There are 2 protein chains.
Amino acid sequence: MKILIADDDPQILRALRITLGARGYDIVTAEDGAAAINAMIEHHPDLVMLDLGMPRLDGQAVIEGLRGWSQVPILVVSGRTGAADKVQALDAGADDYVTKPFSIDELLARIRALTRRLATTDDEPVVLLGAVTVDLSAKQVTRNAAGVAETVRLTPTEWLILGVLLRNPGKLVTRQSLLTEVWGPHHVGDTGYLRLYVGQLRKKLEADAAHPRYLLTEAGMGYRFSP
Amino acid sequence: MKILIADDDPQILRALRITLGARGYDIVTAEDGAAAINAMIEHHPDLVMLDLGMPRLDGQAVIEGLRGWSQVPILVVSGRTGAADKVQALDAGADDYVTKPFSIDELLARIRALTRRLATTDDEPVVLLGAVTVDLSAKQVTRNAAGVAETVRLTPTEWLILGVLLRNPGKLVTRQSLLTEVWGPHHVGDTGYLRLYVGQLRKKLEADAAHPRYLLTEAGMGYRFSP
DNA sequence: CCGGGTCCTAACGATTCCCTGACGGCTGCA
DNA sequence: TGCAGCCGTCAGGGAATCGTTAGGACCCGG
């Protein structure tokens with residue numbers, strides 16, 4: 001479980017990194033709003049903790065920016081206690097709002113509450129593609145060739161693409177949504193690398209990469225995982 | 001949007017019913033834990049607001065009971081401000097925790113935040129055309145021929161035309177409106193390709209393309225989807 | 001400094017899609 | 001009967017998209 005913490009106070013960042021790290025979370029930090037957006041694109045965390053008063057890009061703007069292309073749970077941690085601030089942040093797309101100073105136990109409980117739905121609704125532990133089994137949560141692929149189990153290695157980008165496709169079985173996934181979910185919102189036209197990675201995935205997963213059975217392409221629209 | 005409010009204080013119940021009712025929510029109330037469970041079974045609300053200190057069945061027990069069989073969002077509204085209480089409720093399955101006294105604006109914002117995810121599930125209907133099923137949101141067409149499901153592929157332009165027709169069941173769709181919705185507003189008069197694509201759609205969807213049953217043509221006017 | 005791995009760019013045939021033009025069938029009317 | 005619209009179909013060329021290969025930029029652990 002990866003958490004992105006964005007706060008302009010290095011002390012708070014350090015304390016949270018230690019506290020949450022001890023609970024088994026992977027921690028990524030950012031010291032301003034722009035860095036938070038970049039970290040989001042780079043690390044794809046499962047949850048974002050945001051301070052509101054940050055330089056370069058205000059927390060409020062970060063929420064609005066993220067919500068344009070990501071559904072990641074957002075937990076605002078702010079010193080502003082006014083109802084108007086809370087309403088503004090929540091309506092912009094934040095999922096919860098905690099005021100400083102906060103109880104660390106309560107914060108942890110709210111993190112668990114926010115991530116619980118992902119953990120339970122995203123329970124697609126293992127997907128079968130013919131002789132290949134894909135375990136999304138364990139990030140492991142094994143191919144069963146002639147009775148011999150053999151592990152296949154995927155790169156991080158390949159995992160991201162495969163994850164989006166496998167989480168929408170049977171549904172068409174637009175090139176555009178694939179690009180924004182993997183590379184962030186600032187990719188409009190160029191599709192060169194997407195074709196490349198899909199080709200590599202087919203080489204690793206399909207029995208016959210030239211005639212794919214599971215990772216289908218819909219010309220002019222996008223790709224589809226056919227279970 | 002239906003909300004179940006469980007609180008043992010009739011005054012609070014009345015105030016919340018009026019306030020939330022004015023915002024357009026349907027309100028169901030319960031004055032103790034057991035009644036809350038019963039109301040949940042009877043009314044299937046979209047959100048539950050729970051007080052912790054209730055007679056007959058404590059709010060904590062209600063959360064645990066509900067979570068055994070329902071994923072409904074639970075918002076705890078309690079006078080207990082201790083971190084231990086919050087942790088206990090959140091870990092039992094509550095999604096948010098607000099302490100009394102609360103700002104009504106903040107409460108409303110948190111309700112919107114909790115119900116937002118449900119609302120964004122796009123539900124474009126699945127349309128049945130005899131042995132062919134069309135899923136507009138998944139962009140998928142399957143033909144059920146002699147018990148064997150077979151997928152039919154449509155091109156982007158075919159999807160656009162079919163979408164316009166299927167979203168207006170029974171209604172006549174003018175050639176002109178079809179042209180503008182698919183090719184933009186700068187197409188007047190020319191209808192050659194429209195006939196072509198409708199013909200291809202019939203070939204892929206109709207049992208007998210020469211005598212269409214669903215994609216009907218109105219001479220001189222346009223086309224009509226007859227469900 | 002050097003390999004290994006990942007990410008991305010650039011270019012090429014090959015495939016698919018879109019649109020044009022032409023032809024034949026049907027209906028209504030002079 | 002001939003003619004004029006309108007509709008459905010077929011074939012083909014141009015354009016966009018797709019799959020693939022090759023190679024450079026970058027990071028990182030020997």
Side-chain angles (χ1 to χ4, degrees), chain A residues 38 41-44 139 141 151-163 165 172-176 178-184 186-225, chain B residues 139 141 151-163 165 172-176 178-184 186-224:
Chain A
N38 290 334
I41 293 172
E42 185 178 356
H43 293 101
H44 296 274
K139 292 268 187 293
V141 176
T151 75
V152 180
R153 289 174 49 92
L154 299 187
T155 72
T157 309
E158 288 167 2
W159 272 115
L160 286 173
I161 296 172
L162 188 62
L165 287 174
L172 174 93
V173 182
T174 308
R175 257 196 322 256
Q176 194 53 41
L178 216 40
L179 285 172
T180 59
E181 290 211 47
V182 176
W183 281 278
H186 304 305
H187 284 257
V188 183
D190 203 343
T191 72
Y193 32 87
L194 185 51
R195 295 178 304 183
L196 193 94
Y197 285 111
V198 172
Q200 290 180 350
L201 277 175
R202 285 208 258 248
K203 232 177 270 177
K204 294 181 179 178
L205 301 179
E206 296 274 359
D208 180 5
H211 304 91
R213 155 76 181 81
Y214 300 100
L215 271 36
L216 310 181
T217 150
E218 305 278 331
M221 300 190 288
Y223 293 91
R224 181 199 309 275
F225 162 57
Chain B
K139 293 264 188 297
V141 175
T151 73
V152 180
R153 302 184 41 151
L154 301 187
T155 71
T157 310
E158 288 165 3
W159 273 115
L160 285 174
I161 296 173
L162 187 63
L165 288 174
L172 170 81
V173 181
T174 309
R175 259 199 312 264
Q176 194 50 248
L178 260 180
L179 286 172
T180 57
E181 289 211 48
V182 176
W183 281 276
H186 306 303
H187 281 257
V188 185
D190 201 346
T191 73
Y193 35 88
L194 185 51
R195 294 178 307 184
L196 192 89
Y197 284 113
V198 173
Q200 289 181 350
L201 276 175
R202 286 207 259 248
K203 226 178 279 176
K204 293 180 178 178
L205 302 179
E206 296 274 0
D208 180 4
H211 304 89
R213 155 77 181 80
Y214 301 100
L215 270 38
L216 310 181
T217 159
E218 304 279 333
M221 321 212 357
Y223 293 91
R224 179 199 308 276

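Computed from a prediction, not measured in an experiment: that's the story for all the values here.
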Side-chain heavy-atom pair A:T157, A:Q200 within 4.5 angstrom cut-off
no
If you compare every side-chain N and O of B:W183 against the phosphate oxygens of C:dC19 (OP1, OP2), does one of them come in below 4.0 Å?
yes
In residues 212-220 of chain A, which residues come under 4.0 Å of DNA chain C by heavy atom?
A:A219
Between B:T155 and C:dC17, does any side-chain N or O lie under 4.0 Å from OP1 or OP2?
no
Distances for protein N or O near nucleotides 13-15 of chain D N or O, under 3.5 Å:
none

Interatomic distance, CG@B:L172 vs CE@B:M221, rounded to 0.5 Å, equals 4.5 Å
Nearest whole Å is fine: how far is D:dA16 P from A:M221 CE?
18 Å
Please report the closest heavy-atom contact between A:L154 and A:K204, naming both atoms and the distance.
CD2-CD, 3.4 Å
Expected output: side-chain A:E218 to main-chain A:R224 donor-acceptor under 3.5 Å:
no
Mind checking the NZ-CD spacing from B:K139 to B:E158? Nearest 0.5 Å is all I need.
12.5 Å
Starting from C1' on C:dA14, measure out to NE2 on A:H211 and report it in whole angstrom.
12 Å
How long is the gap from CH2 on A:W183 to NE2 on A:H44, to the nearest 0.5 Å?
9.0 Å
Check: B:R202 side chain, B:L215 main-chain N or O, donor-acceptor pair, under 3.5 Å
yes
Nearest-Å distance for atom pair OH/C1', residues A:Y193 and D:dG19:
17 Å
Just by protein heavy atoms under 4.0 Å, how would nucleotides 25-30 of chain D read 5' to 3' in B, S and -?
------
Nearest nucleotide by nearest heavy atom, which residue falls closer to the 5' end of DNA chain C, B:E158 or A:T157?
A:T157
Can a side chain N or O of B:R175 be found less than 4.0 Å away from OP1 or OP2 on D:dC7?
yes
To the nearest 10°, give me the bend of the helix from C:dC1-D:dG30 to C:dA30-D:dT1, comparing the axes of its five terminal pairs at either end.
10°
If I compare all heavy atoms of A:F225 with all of A:L165, which pair ends up nearest, and what's the gap?
CB-O, 3.6 Å
For A:E181, side-chain contact (heavy atoms from CB on, under 4.5 Å) partners two or more places apart:
A:V164
Provide, to the nearest angstrom, the distance between the CG atom belonging to A:L194 and the P atom belonging to C:dA10.
17 Å
A:L160 CG to C:dT6 C1', in whole Å, measures 13 Å
Keeping B:E206 on the side-chain end and B:H211 on the backbone end, is there a donor-acceptor pair under 3.5 Å?
no
Side chains of B:Y223 and B:I161: closer than 4.5 Å at any heavy-atom pair?
no
Intermediate values then yes/no, side chain to side chain contact (heavy atoms under 4.5 Å, CB included), A:L205 and A:L162:
CA-CA 10 Å; A:L205 301 179; A:L162 188 62; 3.7 Å; yes
Going by heavy atoms closer than 4.0 Å, what residues in residues 195-209 of chain B are next to DNA chain D?
B:R195, B:L196, B:G199, B:R202, B:K203
Rounded at 0.5 Å granularity, tell me how far OH in B:Y197 sits from CG in B:L160.
10.0 Å
